[in-house]
Amino acid sequence: MRLDTRYANHPEDSKHYTTEELRKHYLMETVFVADEVNLMYSHVDRVIAGGVMPVETEVKLEGCKELGSEFFLERRELGLINIGGSGKVILDGVEYKMASKDGLYVGMGVKEITFASDSAENPAKYYVNSAPAHVAYPTVKIDIANANAVHLGDLENSNKRTIFQYVHPAVCKSCQLLMGMTVLDPNNMWNTMPTHTHERRMEVYFYFNMDENTRVFHLMGQPQETRHIVMANEQAVISPSWSIHSGVGTKNYTFIWGMAGENQTFTDMDHIAMDQLR
Ligand SMILES: O=C[C@H](O)[C@@H](O)CC(=O)C(=O)O
Ligand SMILES: [Zn+2]
């Protein structure tokens, strides 16, 4: 298992960062590594994000020194969405078949977590988010058809998209984790513009379904002090609670967002008027 620790940053500090420093502190450049659990541990709400890609062998999610617990979910909960080929996740001996776009909420206390792919040619790619938990809620398999679909945006604003809420109070119980996937309609490039912050929750974005030369200009920073990070396919980025999180692609893309913090009220956002952006 690889785990890269990222410390929290003060906005006053972040505004002096060079491009390289912004990328070092906020961007996860490689999410999926074959036959590895590859994670980023953010001190922002102690959220963990990363990829699990079993190819030749099964891969296990285990405890480590950084978590200070005997097993990974001893004091945590987990959400995942498979963005690759079909596979299975085995939780304490119970097998969950995971087709592409299938999601899973795994409650605190599950000890043995094993990830597998059905074929090495088209391996499963499990994008995972985890947050500290205090109650063991039941594990729930969430197919995209069971996710709560919210239609937002329109062609005129180049942001027609569907937000599939996987880990969300309308779908399953969780302690603090929220997770979902936003799919842009063809020829729509903008997500989350007009933008917002929510000081009550942090967020992690993971961009994928992108061609080799497609880039997303991910927007971050305080509304009056914006920055951007140029992101390629299958990269993730931390959005602290004080930061906007929005993006525009040079071509079609999809993204998974995860949140943790004070509340689980998806609509609790502080909307930023366009004339406030700098
Ligand atoms: O607080 C909510 C998050 O920013 C995302 O869910 C936004 C998003 O997926 C979108 O606008 O497409
Ligand atoms: Zn948000």
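Values in this document were obtained by computation on a predicted structure and should not be read as measured data. Both counts, for ligands and for their atoms, begin at 1 and track the order of listing.
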Next on the checklist: Tell me which one of W257, F255, Y127, Y26 satisfies ring-ring contact (aromatic ring centres under 6.0 Å, His included) with Y205.
Outcome noted: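 Option passing the ring-ring contact (aromatic ring centres under 6.0 Å, His included) with Y205: F255.
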Heavy-atom count check: over 12 atoms from other residues, nucleotides or ligands less than 6.0 Å from [X] [atom1]?
X	atom1	result
E66	CD	yes
R200	CZ	yes
Q224	CD	yes
K141	NZ	yes

Next on the checklist: Measuring centre to centre across the rings, with the benzene-like ring taken for any Trp, is H245 within less than 6.0 Å of H218?
Outcome noted: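 Aromatic pair excluded; centres sit 6.0 Å or further apart.
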Next on the checklist: Aromatic contact between H271 and H198, with the criterion being ring centroids under 6.0 Å apart: yes or no?
Outcome noted: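 No: the rings miss the under 6.0 Å criterion.
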Item to check | Closest approach to the Zn ion (ligand 2) by E203, given as the N, O or S atom name | outcome: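 Among the N, O or S atoms of E203, the one closest to the Zn ion (ligand 2) is OE1.
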Checklist entry - Tell me, which N, O or S atom in H198 is closest to the Zn ion (ligand 2)? => result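 H198's closest N, O or S atom to the Zn ion (ligand 2) is named NE2.
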Check each N or O atom of ligand 1 against all protein N or O atoms and list the pairs under 3.5 Å, with atom names and distances to 0.1 Å, one per line.
unit_1	atom_1	unit_2	atom_2	d
ligand 1	1 (O)	H196	NE2	3.2
ligand 1	1 (O)	H198	NE2	3.1
ligand 1	1 (O)	E203	OE1	3.4
ligand 1	4 (O)	H196	NE2	3.1
ligand 1	4 (O)	E203	OE1	3.2
ligand 1	4 (O)	E203	OE2	2.9
ligand 1	4 (O)	H245	NE2	3.1
ligand 1	9 (O)	T182	OG1	2.7
ligand 1	9 (O)	W257	NE1	3.4
ligand 1	11 (O)	R161	NE	3.3
ligand 1	11 (O)	R161	NH2	2.7
ligand 1	11 (O)	T192	OG1	2.9
ligand 1	12 (O)	R161	NE	2.6

